[in-house]
Asks: 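Got a structure for you, written out below as structure tokens; questions coming shortly.
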Amino acid sequence: MGSIEAILKRIEAGTADLIPREKLIAKLNHSLETGKPLRVKLGIDPSAPHLTLGHSIPLRKMRLFQDLGHTGVLVVGDFTRRIGDPSGCLSARGLMTQEEIRQNMETYKEQAFKILNPERTEVRYNSEWLGLLTFADVIELASKYTVARMLERDDFAKRFAENRPISVLEFLYPLAQAYDSVAVKADIELGGNDQRFNLLIGRDIQREYGQEPQVIITVPLLIGTDGVRSMSQSVGNYVGINEPPREMFGKLMAIPDSLIHDYFFYLTDVPYEEVKNLPPRDAKRQLAGEIITMYHGKEAADAAREEFDRVHIRRERPSEVSQVTIDRSLVKDDGTIWVIDLLQASGLVKSRGEAKRVISQGGVRINDERVSSIDLDLPFDPPILVQVGKRSFAEAV
RNA sequence: GGAGGGGUACCGAAGUGGCCAAACGGGGCGGACUGUAAAUCCGUUGGCAGCUGCCUACGGGGGUUCGAAUCCCUCCCCCUCCA
């Protein structure tokens, strides 16, 4: 148990905002004195069944609080999710049924508990309380905030100025989220940087409902593997914490070198200084190893690294190549098979057009030999190792 | 209720009768390079057909035309302004 300053330092590491700092100190002290754990809230969107490394940042922060003896409260936005798209300007993301949400949450929890301490975690669904509000209650809630204050939000201000639409729902959304804080009596709310405004409204609304306002802690949004946009599943530039180690390793090796620092800093406990002087490739290998160890264990990480070295550095075939049974009717009377048929049957290409294209680009190898022409019949003598590009393999049998 | 703008491939966005399977950018894929699935550069990016022929495609449906993403009718959807 360190001093408050030491604790604070750990809490503050890697945060974007901590508002207000002195209230956090007061809350921590109060908790120490009374032995009453603080309630640390994190809202989660149930539409995403997979957790990404981006999610891991606030979750890791929550875990820190748990290690300090506090309670993590995961608030599943099932009610808000059923109402519709919070971002408004995009088309609705498809409404989900309660059942789908429950299912997502099961897999979600399983993943979240790789980071969190289940003993100190409460999972709550916001339909528990939002579903009970009457229209009068909603009006009351809405009366507690003004349009002017809503328009303080950068995104709203901009759209308002540019005559772009803002739906009323979008005003209700932060209020609903703020009400969640009232309902779970949050002492602290965690969130991504983009949530700052919403979290701040939570403070005002809690005050209106006679509660002590929560302290808000935001963490930066992690840049995705493309090095440009925030990590998100819809964009596809993500690494899921539940992904097979091999995939994680590959994706992490593929991040732009410029991201190495942030990934070490926000996703691992390894100080960046330790790898600062390594060549980027080696730093990334270590990064991937660290992260996979966290979510799959050391053995899996070692295996994944070995596999990567094997395929990409030594250019050997992977240790396990999936087998594909070839439909014998493709084998001609003379016992040969046309490469195009073989490629398509092996499932490595989506169409025969792609098969031809990829051959003409020199990307196809059969039994380690590059195929130079699409007019190739080869003896069907299984097993045949088929390779497209650097990393797609299949064994035709 | 009125006026106007718009719906194009995975995404963004050009194209307003044939030269359009559709510019350009992003993404994806392949190659070169690199002891990285990084960066950079080059190529490629609807399907079928084993030699350039067919099919599907520019919000849906119908029509005009030798020929339509482009013109007309109609329906659906989105947006802006005025009320």
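Sequence lines set the chain letters: A, B, ... in the order given, protein chains first and strands last, and positions in each chain run from 1. FYI, side chains are in, hydrogens and waters are out, and symmetry mates aren't considered; it's all heavy atoms of this structure.
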Asks: I want to confirm an ordering. Mapping Pro256(A) and Arg281(A) to their closest nucleotides on RNA chain B, which one lands closer to the 5' end?
Replies: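 Counting from the 5' end, the first nearest nucleotide belongs to Arg281(A).
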
Asks: Is the Tyr272(A) ring parallel, tilted or perpendicular to the His261(A) ring (thresholds 30°, 60°)?
Replies: perpendicular

Asks: Please round to the nearest 0.5 Å and tell me the distance separating atom OG1 of Thr218(A) and atom CG of Asp194(A).
Replies: 9.0 Å

Asks: For the pair Arg63(A) and Asp67(A), find out whether any cationic side-chain nitrogen is under 4.0 Å from an anionic carboxylate oxygen.
Replies: yes

Asks: If you only use heavy atoms from C-beta on, which nucleotide in G50(B), U36(B), C29(B) is closest to the side chain of Asp377(A)?
Replies: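 Among G50(B), U36(B), C29(B), the one nearest the side chain of Asp377(A) is G50(B).
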
Asks: Ignoring hydrogens, what is the shortest heavy-atom contact between Lys41(A) and Met62(A)? Give both atom names and the distance.
Replies: C-CE, 4.1 Å

Asks: If I take atom CG in residue Asp226(A) and atom C1' in nucleotide C10(B), what distance separates them, rounded to the nearest angstrom?
Replies: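 Those two atoms, CG and C1', are 15 Å apart.
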
Asks: Taking the P atom of each, how far is U80(B) from G25(B), in whole Å?
Replies: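 The answer is 31 Å between these two P atoms.
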
Asks: Arg357(A) has an atom CZ; how far is it from atom P of G50(B), in whole Å?
Replies: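 Atom CZ in Arg357(A) sits about 16 Å away from atom P in G50(B).
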
Asks: Assign Phe249(A) to base, sugar-phosphate, or nothing according to its heavy-atom contacts below 4.0 angstrom with the strands shown.
Replies: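 Counting heavy atoms under 4.0 Å across all strands, no contact is made by Phe249(A).
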
Asks: With a 3.5 angstrom cut-off on both distances, give the Watson-Crick or G-U wobble partner of G67(B), or none if there isn't one.
Replies: none

Asks: Measure from CZ on Arg315(A) to C1' on G31(B) and round the result to the nearest Å.
Replies: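 From Arg315(A) CZ to G31(B) C1': 11 Å.
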
Asks: Would you mind pulling out the nucleotide paired to C51(B), Watson-Crick or G-U wobble, both distances under 3.5 Å?
Replies: none

Asks: Considering only heavy atoms and no angle criterion, is a donor-acceptor pair shorter than 3.5 Å present between the side chain of Gln361(A) and the base of G43(B)?
Replies: yes

Asks: Ignoring hydrogens and geometry beyond distance, is the side chain of Lys356(A) in donor-acceptor contact with the base of G30(B) at under 3.5 Å?
Replies: no

Asks: Please measure how far the C1' atom in U44(B) lies from the corresponding atom in A69(B), and state the result in whole Å.
Replies: 24 Å

Asks: Within this structure, what is the CG-to-C1' distance between Leu252(A) and A38(B), rounded to whole angstrom?
Replies: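 Atom-to-atom, Leu252(A) to A38(B), this comes out as 12 Å.
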
Asks: Side chains of Gln195(A) and Glu189(A): is there a donor and an acceptor less than 3.5 Å apart?
Replies: no

Asks: Using the C1' atom as the reference point in each nucleotide, state the distance between C33(B) and A9(B) in Å, no decimals.
Replies: 32 Å

Asks: How many whole angstroms separate atom CG of Leu342(A) from atom P of G50(B)?
Replies: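 Spelled out: CG on Leu342(A) to P on G50(B) is 16 Å.
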
Asks: Using the P atom as the reference point in each nucleotide, state the distance between C29(B) and G61(B) in Å, no decimals.
Replies: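 One P to the other, the span is 33 Å.
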
Asks: Sticking with atom C1', work out how far G59(B) lies from C54(B), rounded to a whole angstrom.
Replies: 27 Å

Asks: What's the closest nucleotide to the Ser351(A) side chain, out of G30(B), G47(B), G35(B)?
Replies: G47(B)

Asks: Base, sugar-phosphate alone, or nothing: which one does Asp341(A) contact when heavy atoms must sit under 4.0 Å apart?
Replies: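 If one applies the 4.0 Å heavy-atom cut-off, Asp341(A) turns out to touch nothing in the nucleic acid.
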
Asks: Provide the Watson-Crick or G-U wobble partner of A23(B), both distances under 3.5 Å; none if there is no partner.
Replies: none

Asks: Under 4.0 Å between a side-chain N/O of His312(A) and OP1 or OP2 of U36(B), yes or no?
Replies: no

Asks: Under 4.0 Å, heavy atoms only, any strand: does Lys332(A) hit a base, just the sugar-phosphate, or nothing?
Replies: base

Asks: Round to the nearest Å and state the distance from Lys251(A) atom NZ to A37(B) atom P.
Replies: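 Distance check: Lys251(A) NZ to A37(B) P gives 16 Å.
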
Asks: Salt-bridged, Arg207(A) to Asp204(A), with N to O below 4.0 Å?
Replies: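 Salt bridge flag = yes for Asp204(A) with Arg207(A).
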
Asks: Taking only side-chain N and O atoms of Lys390(A), does any of them lie within less than 4.0 angstrom of OP1 or OP2 on G31(B)?
Replies: yes

Asks: Should C41(B) form a Watson-Crick or G-U wobble pair with both distances under 3.5 Å, which nucleotide is its partner?
Replies: G31(B)

Asks: When the distance from CD1 of Ile260(A) to C1' of A39(B) is rounded to whole Å, what number comes out?
Replies: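 Going from CD1 in Ile260(A) over to C1' in A39(B) covers 11 Å.
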
Asks: Any base atoms under 4.0 Å from Leu376(A), or only sugar-phosphate, or nothing? Heavy atoms, all strands.
Replies: base

Asks: Can a salt bridge be assigned to the pair Glu12(A) and Arg21(A) using a cut-off of 4.0 Å between side-chain N and carboxylate O?
Replies: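 Arg21(A) and Glu12(A): salt-bridged.
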
Asks: For U74(B) versus U64(B), give the span between their C1' atoms, rounded off to a whole number of Å.
Replies: 15 Å

Asks: By nearest nucleotide on RNA chain B, pick out whichever of Arg352(A) and Ser258(A) is the more 5' one.
Replies: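 Result of the comparison: Ser258(A).
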
Asks: What's Ile255(A) touching, base or sugar-phosphate or nothing? Going by heavy atoms closer than 4.0 Å.
Replies: sugar-phosphate

Asks: Regarding Thr121(A) and Gln66(A), is there a side-chain donor-to-acceptor distance under 3.5 Å anywhere?
Replies: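 Judged by distance alone, the side chains do pair up.
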
Asks: Could you please name the partner base of G1(B), counting Watson-Crick and G-U wobble pairs only when both distances are under 3.5 Å?
Replies: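 Matched G1(B) with C82(B) under the 3.5 Å cut-off.
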
Asks: Could you check which of A38(B), G47(B), G31(B) has an atom nearest any side-chain atom of Arg370(A)?
Replies: G31(B)

Asks: Across the strands shown, which category fits Gly362(A) at heavy-atom distances under 4.0 angstrom: base, sugar-phosphate, nothing?
Replies: sugar-phosphate

Asks: Roughly how many Å apart are C24(B) and G46(B), using the P atom of each and rounding to a whole number?
Replies: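 My reading of the P atoms in G46(B) and C24(B) gives 13 Å.
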
Asks: What distance, rounded to whole Å, do you find between the two C1' atoms, one in A49(B) and one in G60(B)?
Replies: 31 Å

Asks: Is any side-chain N or O of Arg391(A) closer than 4.0 Å to OP1 or OP2 of C29(B)?
Replies: yes

Asks: Look at Gln344(A) and G50(B) and indicate whether a side-chain polar atom (N or O) is within less than 4.0 Å of OP1 or OP2.
Replies: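 Checking Gln344(A) against G50(B): no side-chain N or O falls below 4.0 Å of OP1 or OP2.
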
Asks: Could a donor-acceptor pair under 3.5 angstrom be found where the side chain of Arg305(A) meets the base of U36(B)?
Replies: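 In this structure, the two groups form no donor-acceptor pair.
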
Asks: What's the CD-C1' distance between Glu354(A) and G43(B), to the nearest Å?
Replies: 15 Å

